[in-house]
Structure formats: C-alpha cells, structure tokens
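Report on one structure; see the data block that follows.
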Amino acid sequence: MKTIFITGASSGIGKSSARLFQSKGWRVIATMRKPEEETELSKLRNVTILPLDITDTKQIKSTVQSAISLGSIDVILNNAGYGLFGAMETLNDEQIVQQVNTNLLGTMRVTQAFIPYFRERKNGMVLNITSIAGLVAFPFSSIYHATKWGLEGWSESLSIELAPFNIIIKTIAPGGTKTDFSGRSLDLGSDPIYDEMVQKTISGFSTPSTPEEIAAVIYEATTDGKDQLRYLAGETAEKRFNQRLELGAENFRKEIKKWFLNLQNN
Ligand SMILES: NC(=O)c1ccc[n+]([C@@H]2O[C@H](COP(=O)([O-])OP(=O)(O)OC[C@H]3O[C@@H](n4cnc5c(N)ncnc54)[C@H](OP(=O)(O)O)[C@@H]3O)[C@@H](O)[C@H]2O)c1
C-alpha cells in the first residue's frame, strides 16, 4: 500500500486529494493546523491525521519524524497555502512575510525535511501545488505571484538536482477553483485609493473548477509514470497558459495590461 503525506488537508484541494487517494487504496497522512476540528477524514480507514503548521519549523521536523515512524512514505503533496491580494503599497510587512513564509518557505522546508529520507530510499515524489498564478501574472496579487513563480522555478531546479536519487518533483498549477481560497483563506490589503480598482479586478476572476477536478489531476500526475514537471489543472489554468504560449510572454502581458486599463475606465 502506497502512502501520501498531504499539507493543508483541512479543506479544499488538500481535503479532496486526501479523500481521492484514500478511495484509491492509498494510506493517507493528512496534516493540518487544527486536527482537533477534523471530523470527516478522521473516520476514514488508513487515514492518519497529524498536526502541521508549515510556518512552524520545529513542528515540521517533529511531524515529519512522526510520519516516517508510522511506515514508508512515497509521495508528499505540498498543498497548504493561501492568497494575499491588494496593491503592493497597501500591504504591511507582516502580511508579506506571512505569505512568503507559508507559500514559499513552508513548502521548501517541508520538502527539505523529507529529502534525506527519500535520498536514502532512492525513491520518492514531491508534488507542489503552485497555481496558474505561478505561470502568468495579474495586478494586485504580486506577492502571491512571487511565491508561486518562486515555487515553479525552485521545483524545476530540484527536478534536475534530485534526479540521480530517483526523487521526482512535479508541480500542479490549478486555475480558479471553488474552495475556501477566495473566502476565509484570503488576506486582502485595503486602502481607499485602490479599493475600487482591487474589487473590479477581483470580480473579473472566475472559479469554474471543483477541488475534486484538481485532485483528479494530482492523482494522474502521481500515477502516470511520465517524466513531466508541470501539470495545468482546470479550465482557467489551461486557457490562460495557452493564451500566453500563443501570444508570447510580452504580448500576453500587454493584453492583460489593456484589459486592466479598460476595466479601470468602465
Ligand atoms: N482555489 C483556487 O482558485 C486556487 C487556484 C490556484 C492555486 N490554489 C492553491 O491551492 C492550494 C490549496 O488551496 P485551496 O484552494 O484548497 O484553498 P483552501 O480551501 O483555503 O485551503 C487552504 C489550505 O491551506 C491550509 N493552510 C494555510 N496556511 C497554512 C499553514 N501555515 N500551515 C498549514 N496549512 C495551512 C489551510 O488550513 P486551515 O484550515 O488551518 O486554514 C487549508 O487547509 C493553495 O496552495 C492555493 O494557493 C488555489
């Protein structure tokens, strides 16, 4: 029986992935900040819940050790993360540090904690949930983009560096997905100069995909045996990335700028 270790399994894409892998006969180590509040996954067979806040470096070490002591681990799914939106000048330092500490450094630290284990086994897979926001850029999400573009570049580098040890790195880039991402998980900068522009921009974003659809792409990436780094997941991710490829990076940026300037004038 294979085992997957998941971060941020309390809701959305992480929870749907936990359910899907469990239903496919995997053992699941579902980690979350508040395990005491989990009522659904804890009832499933072969699912173990462990506490993990990925900004807590001590807890990363202890939880990874506890997970490894439970039996072999084959795959880690770095899913935990959230969005910080707002104009750059309106974001305070605490918001910026928290975003980078979670999405970028948290993911790096969890992965780093597993690398020696995977290297010794000469086997392991790391799946990083990035975003279409790691491959294209929109206004008012600059720090989120910095973390997700960062994860894409970091993952590509690691996928080569760790190849001699048979450690596979893949990224899954979801587009807009109906989860708590744009609700309770969202951190929003605020300032009267920008508020209307930010609201207009955010109202242009859509979330046509379900977390179950994204989990299906994650499962496919885990099991397809392909030497492929990057997986787009969901309608808006495919559409936006294909537009960028067709137009070229510079023309794509100009199109987004045109859309944004028009939006502000209407
Ligand atoms: N939904 C979208 O449109 C979309 C699109 C592209 C990419 N993504 C990415 O998909 C991933 C999952 O988001 P989602 O859409 O499923 O949203 P979600 O339902 O809000 O889930 C986010 C998860 O991350 C956890 N989390 C946040 N900070 C954490 C921390 N410091 N330590 C541990 N866990 C933490 C949350 O835990 P708590 O329950 O404790 O808050 C929650 O389990 C994120 O990386 C996000 O950037 C989402």
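In each ligand, atom 1 is the first atom listed, and ligand 1 is the first ligand listed. Worth knowing before you read on, the calculation uses all heavy atoms, side chains too, and leaves out hydrogens, waters and symmetry mates.
Around atom 7 (C) of ligand 1, the closest heavy atom drawn from T177, T130, I129 belongs to T130. When S182, G12, S11 are ranked by how near their heavy atoms come to atom 21 (O) of ligand 1, first place goes to S11. Between P35, P51, A80, it is A80 that holds the heavy atom closest to atom 34 (N) of ligand 1. Among A30, G14, G81, the residue whose heavy atom lies nearest to atom 22 (C) of ligand 1 is G81. Closest to atom 33 (C) of ligand 1 by heavy atom, among L52, T7, I13, L77, is L52. Nearest to atom 4 (C) of ligand 1 by heavy-atom distance, out of G175, P208, G83, is G175.
Ranking the protein heavy atoms by distance from atom 48 (C) of ligand 1 puts F181 CD1, 3.9 Å first. Nearest protein heavy-atom neighbour of atom 40 (O) of ligand 1: R33 NE, 2.9 Å. Of the protein's heavy atoms, S185 OG, 2.4 Å lies nearest to atom 20 (O) of ligand 1. For atom 14 (P) of ligand 1, the closest heavy atom belonging to the protein is T179 OG1, 3.4 Å. Protein heavy atom at the shortest distance from atom 32 (N) of ligand 1 is I54 N, 2.9 Å. The protein heavy-atom contact nearest to atom 31 (N) of ligand 1 is D53 OD1, 3.0 Å. The protein heavy atom nearest to atom 37 (O) of ligand 1 is S10 OG, 3.4 Å. Protein heavy atom closest to atom 25 (C) of ligand 1, with residue, atom name and distance, is G8 CA, 3.9 Å.
In this structure, K170 contributes its side chain and V126 its backbone to no donor-acceptor pair below 3.5 Å. A distance-only check finds a donor-acceptor pair linking the side chain of Y117 to the backbone of I73 [under 3.5 Å]. Judged purely by atom type and a 3.5 angstrom limit, S206 has no side-chain atom pairing as donor or acceptor with the backbone of P208.
N46 is listed as a side-chain neighbour of M1, based on a closest heavy-atom distance under 4.5 Å.
For N79, a nitrogen or oxygen atom sits less than 3.5 Å from a nitrogen or oxygen atom of ligand 1, counting backbone and side chain alike. Checked against a 3.5 angstrom limit, the closest N/O atoms of G176 and ligand 1 fall outside it. Checked by distance only, ligand 1 and K34 stay at 3.5 Å or farther apart across all their nitrogen or oxygen atoms.
The part of K148 lying near ligand 1 is the side chain, judged by heavy-atom distances below 4.0 Å. Residue contacts with ligand 1 for T102 involve side-chain atoms from C-beta outward but no N, CA, C or O (heavy atoms, distance under 4.0 Å). With a 4.0 Å heavy-atom cut-off, ligand 1 is reached by the side chain of R184 but not by its N, CA, C or O.
When hydrophobic clusters are built by joining Ile, Leu, Val, Met, Phe, Trp and Tyr residues whose side-chain heavy atoms come closer than 4.5 Å, directly or via intermediates, L229 is not grouped with W154.
Heavy-atom contacts of T55 reach the following atoms of ligand 1: 31 (N) (cutoff under 4.0 Å).
The one candidate from L104, N78, T171 that meets the side chain to side chain contact (heavy atoms under 4.5 Å, CB included) condition with L151 is L104.
D74 and R121 are joined by a salt bridge, as a carboxylate oxygen and a charged side-chain nitrogen come within less than 4.0 angstrom of each other. Salt-bridge formation is not detected for the pair D180/K15: no Lys NZ or Arg NE/NH1/NH2 atom is positioned less than 4.0 Å from an Asp or Glu carboxylate oxygen.
Aromatic rings of F140 and F260 (six-membered ring for Trp) have centroids within the 6.0 Å cut-off, being under it. In this structure, the ring of F118 has its center no less than 6.0 angstrom from the ring center of F5.
Evaluation of the salt bridge (Lys or Arg N to Asp or Glu O under 4.0 Å) rule for E213 yields no partner, not counting sequence neighbours.
Within a 6.0 Å sphere centred on CD of E38, heavy atoms belonging to other residues, nucleotides or ligands number more than 12.
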Open item on the list: Quick one, I202 with L188, criterion side chain to side chain contact (heavy atoms under 4.5 Å, CB included). Give me CA distance, side-chain angles, the key distance, then yes/no.
Closed with: CA-CA 11 Å; I202 289 181; L188 204 55; 3.8 Å; yes
